[in-house]
Amino acid sequence: MSDASDKVNEVIGTAKGKIGEFAENPKVNEALGTAKGKIGEIAENPKVNEAIGTAKEKLTELADNEKVQGALGTAKGKFDELKGKWKH
């Protein structure tokens, strides 16, 4: 039993070491820094923000739509019916 535990611990130790090496690698850190910068640029881009605003408006319109509300109510009712049948 101890032999199996020793092997598992050895594998875990090796994995921790490799993850540590990866995290400390200058190229990895440089790539992460570049990625963070690009994500920041995207988040600050006026066109992206406009697109997000438009998407939010459209989702709000969709959620407020009477037909959508009716469909959701019907779906919830059917779901509740099914849920009730499964309980019995």
Side-chain angles (χ1 to χ4, degrees):
M1 188 71 155
S2 178
D3 187 41
S5 295
D6 290 343
K7 287 181 182 180
V8 169
N9 287 332
E10 181 181 343
V11 168
I12 291 171
T14 301
K16 283 182 178 179
K18 293 294 180 186
I19 291 169
E21 289 173 19
F22 183 74
E24 293 170 3
N25 184 305
K27 289 183 180 179
V28 170
N29 286 310
E30 182 180 338
L32 287 173
T34 301
K36 286 179 183 178
K38 294 296 181 187
I39 291 169
E41 289 175 21
I42 291 169
E44 293 170 3
N45 185 301
K47 289 184 180 180
V48 170
N49 285 306
E50 183 180 334
I52 290 170
T54 300
K56 285 180 182 179
E57 288 173 16
K58 295 298 179 185
L59 285 172
T60 299
E61 288 175 18
L62 185 64
D64 291 343
N65 184 290
E66 288 181 31
K67 289 182 180 179
V68 172
Q69 293 289 334
L72 288 172
T74 300
K76 184 183 180 313
K78 295 294 181 186
F79 178 76
D80 289 342
E81 284 179 33
L82 289 172
K83 188 169 69 170
K85 289 179 181 178
W86 288 333
K87 285 185 177 181
H88 298 299

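We use all heavy atoms of the structure for the numbers below, so side chains are in, but hydrogens, waters and symmetry mates are not. One is the number of the first residue; the rest follow in order along the sequence.
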Undergrad: In residues 10-26, what donor-acceptor pairs under 3.5 Å come from side-chain atoms, sequence neighbours left out?
TA:
| unit_1 | atom_1 | unit_2 | atom_2 | d |
| --- | --- | --- | --- | --- |
| T14 | OG1 | E10 | O | 2.9 |
| N25 | OD1 | K27 | N | 2.7 |
| N25 | OD1 | V28 | N | 3.3 |

Undergrad: CG/N49 to NZ/K56 distance, rounded to the nearest 0.5 angstrom?
TA: 8.5 Å
Undergrad: Please list all pairs meeting salt bridge (Lys or Arg N to Asp or Glu O under 4.0 Å) that have one or both residues in residues 59-73, counting only residues at least two apart or in different chains.
TA: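 Qualifying pairs, neighbours excluded: K58-E61.
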Undergrad: Can you tell me if N45 uses its side chain to pair, donor with acceptor, with the backbone of E41 under 3.5 Å?
TA: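 No, the answer is negative, given that no donor and acceptor are paired below the 3.5 Å cut-off.
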Undergrad: What distance separates K83 NZ from K76 NZ, expressed to the nearest 0.5 Å?
TA: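 Here the rounded value is 6.5 Å.
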